[in-house]
Amino acid sequence: MISFKNLHLINPIIRAVTEAGYSRPTELQNFAVPHILAGHDVIACSHSGTGKTAAFVMPILQLLQKNPQEHRKIRVLILSPGKEYVMRVEDKLGVYSKYLPLSQLSIFDGISDGGQRSALKKRVDLLVATPERLLELAVQRSIDLSRVEILVLDEADRIFETGRAEEVKEILKLIPNKRQTLFFSSVMPERIRKFAEAVLRKPVEAMVSHYQQDEAGIRHVS
């Protein structure tokens, strides 16, 4: 039986995952985690219940811990379609980073501008944000995305459904071209696939069915 140790995760993450009640990775996690740890761009399409959020959160935490940086700039940017999605990612980050000295911040509508700008002046390793709120802060010159190492589009299909594609394109102009990009979506219509292929570099791709995880279709996109 495959365990989290088989994914070569560090002990602090395995300990946190185990304490959270998980005994083994899902099919998606088993595929995605090693590729993310190896620095590959990833496209993952799977429905709820396949462990999408943990599939990118766990390896990202490990990469940050393995390669600490002296600068105080944002290193990981996770874009989510709305407040509830941001809070879900925030929760997973909190659970799995329990034994790691990493800082995170979530920004979305409904939080005071002053509070968000003040928090951004401190060290932020991981930023989780909605595209519209992030772009507002960028226009106000309240945020610096020039040192982002990893970009995640979480629930990318919903980001597109809410009409935020143009905002994502503007955000892409603010972050380095040399980065690792992770694209997670519940469905993959043609327009979203074309967008993903335009912003990712030689990604590996995982297509996982919620009801047939053991029959996941996984291939490498060259």
Side-chain angles (χ1 to χ4, degrees), residues 2-69 74-108 123-130 134 148-159 175 179-186 200 203-204 206 208 210 213:
I2 297 173
S3 70
F4 287 102
K5 288 184 178 180
N6 296 124
L7 302 185
H8 304 292
L9 291 167
I10 57 177
N11 287 333
I13 295 176
I14 293 176
R15 180 182 176 189
V17 170
T18 302
E19 289 181 0
Y22 300 103
S23 58
R24 63 189 181 96
T26 65
E27 183 74 18
L28 176 61
Q29 292 162 7
N30 184 47
F31 172 78
V33 170
H35 283 294
I36 296 173
L37 289 176
H40 298 150
D41 284 7
V42 171
I43 298 177
C45 181
S46 63
H47 298 294
S48 298
T50 53
K52 285 201 297 290
T53 305
F56 63 79
V57 165
M58 293 187 295
I60 283 175
L61 290 173
Q62 180 153 319
L63 289 172
L64 289 176
Q65 181 67 11
K66 182 179 179 181
N67 301 303
Q69 301 292 330
I74 296 162
R75 299 180 61 194
V76 175
L77 172 60
I78 302 172
L79 296 177
S80 291
K83 176 182 177 180
E84 65 275 20
Y85 296 97
V86 170
M87 295 181 70
R88 182 177 66 187
V89 175
E90 178 183 55
D91 177 66
K92 293 295 184 182
L93 284 170
V95 170
Y96 300 141
S97 67
K98 182 177 180 181
Y99 299 108
L100 298 172
L102 298 171
S103 61
Q104 66 182 72
L105 176 65
S106 299
I107 58 174
F108 46 82
R123 184 183 181 94
V124 177
D125 292 305
L126 305 101
L127 177 66
V128 191
T130 57
L134 180 65
V148 168
E149 302 165 28
I150 302 173
L151 170 67
V152 182
L153 274 75
D154 171 43
E155 300 293 352
D157 55 312
R158 295 189 180 275
I159 291 177
I175 64 178
R179 64 175 186 269
Q180 183 177 9
T181 306
L182 311 176
F183 200 95
F184 282 74
S185 188
S186 294
L200 278 72
V204 291
V208 179
H210 174 53
Q213 290 186 24

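Numbering starts at 1 and runs along the sequence shown.
- Listed by chain and residue number, Lys52, Arg88 satisfy the salt bridge (charged side-chain N to carboxylate O under 4.0 Å, His left out) test with Glu155 (two or more places apart in sequence, or in another chain).
- Looking at every heavy atom in both residues, Gln29 comes nearest to Gly51 through NE2-O, 3.2 Å.
- Every residue meeting the side chain to side chain donor-acceptor pair (under 3.5 Å) condition with Ser103, not counting sequence neighbours, appears here in chain and number order: Asp125.
- Within the model, atoms CG of Leu9 and CD of Gln62 stand 5.0 Å from one another, a figure rounded to the nearest 0.5 Å.
- Partners of Lys98 by salt bridge (charged side-chain N to carboxylate O under 4.0 Å, His left out), not counting sequence neighbours, listed by chain and number: Glu19.
- Proximity of Val128 to Leu126: side-chain heavy atoms (C-beta onward) are nowhere separated by under 4.5 Å.
- Separation of atoms CG (Leu151) and CZ (Arg179) is listed at 5.5 Å; rounding is to 0.5 Å.
- Residue pairs meeting the salt bridge (charged side-chain N to carboxylate O under 4.0 Å, His left out) criterion with at least one partner in residues 55-64, sequence neighbours excluded, are absent.
- Taking both residues in full, the closest heavy atoms of Ser3 and Asn6 are given as N-OD1, 2.7 Å, listed atom of the first, atom of the second, then distance.
- Nearest approach of Tyr22 to Lys92, heavy atoms of both residues: OH-NZ, 3.2 Å.
- Side-chain contact between Val76 and Leu63 is absent, with no heavy atoms from C-beta onward closer than 4.5 Å.
- Evaluation of the salt bridge (charged side-chain N to carboxylate O under 4.0 Å, His left out) test over residues 30-39, restricted to residues two or more places apart or in two chains, returns none.
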Just distance, no hydrogens or angles: give the donor-acceptor pairs under 3.5 Å from side chains in residues 77-87, sequence neighbours left out.
unit_1, atom_1, unit_2, atom_2, d
Ser80, OG, Asp154, OD2, 2.8
Tyr85, OH, Arg158, NE, 2.9

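- Asp41 meets the side chain to side chain contact (heavy atoms under 4.5 Å, CB included) test with Gln180, Thr181, Leu200, Arg201, Pro203; sequence neighbours excluded.
- Under the side chain to side chain donor-acceptor pair (under 3.5 Å) criterion, Glu90 pairs with Ser106, not counting sequence neighbours.
- Ser185 is linked by a side chain to side chain donor-acceptor pair (under 3.5 Å) to Asp157, counting only residues two or more places apart in sequence or in another chain.
- Side-chain contact between Phe31 and Val204: present, with at least one pair of heavy atoms (C-beta onward) separated by less than 4.5 Å.
- Residue Tyr96 holds its OH atom at 10.5 Å from CD1 of Ile13, rounded to the nearest 0.5 Å.
- Two residues are said to be in side-chain contact when any heavy atoms from C-beta on lie closer than 4.5 Å; Pro25 and Leu7 meet this criterion.
- Here the straight-line distance linking atom CD of Glu149 with atom CD1 of Ile175 works out to 11.5 Å at 0.5 Å rounding.
- Note on residues 57-67: no pairs pass salt bridge (charged side-chain N to carboxylate O under 4.0 Å, His left out), not counting sequence neighbours.
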Donor-acceptor pairs under 3.5 Å, side chain of residues 53-61 to any protein atom, not counting sequence neighbours: which ones?
none

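- Atom-to-atom distance recorded for Ile10:CD1 and Leu100:CG is 5.0 Å, nearest 0.5 angstrom.
- Within the model, atoms CZ of Phe4 and CG of Asn30 stand 10.0 Å from one another, a figure rounded to the nearest 0.5 Å.
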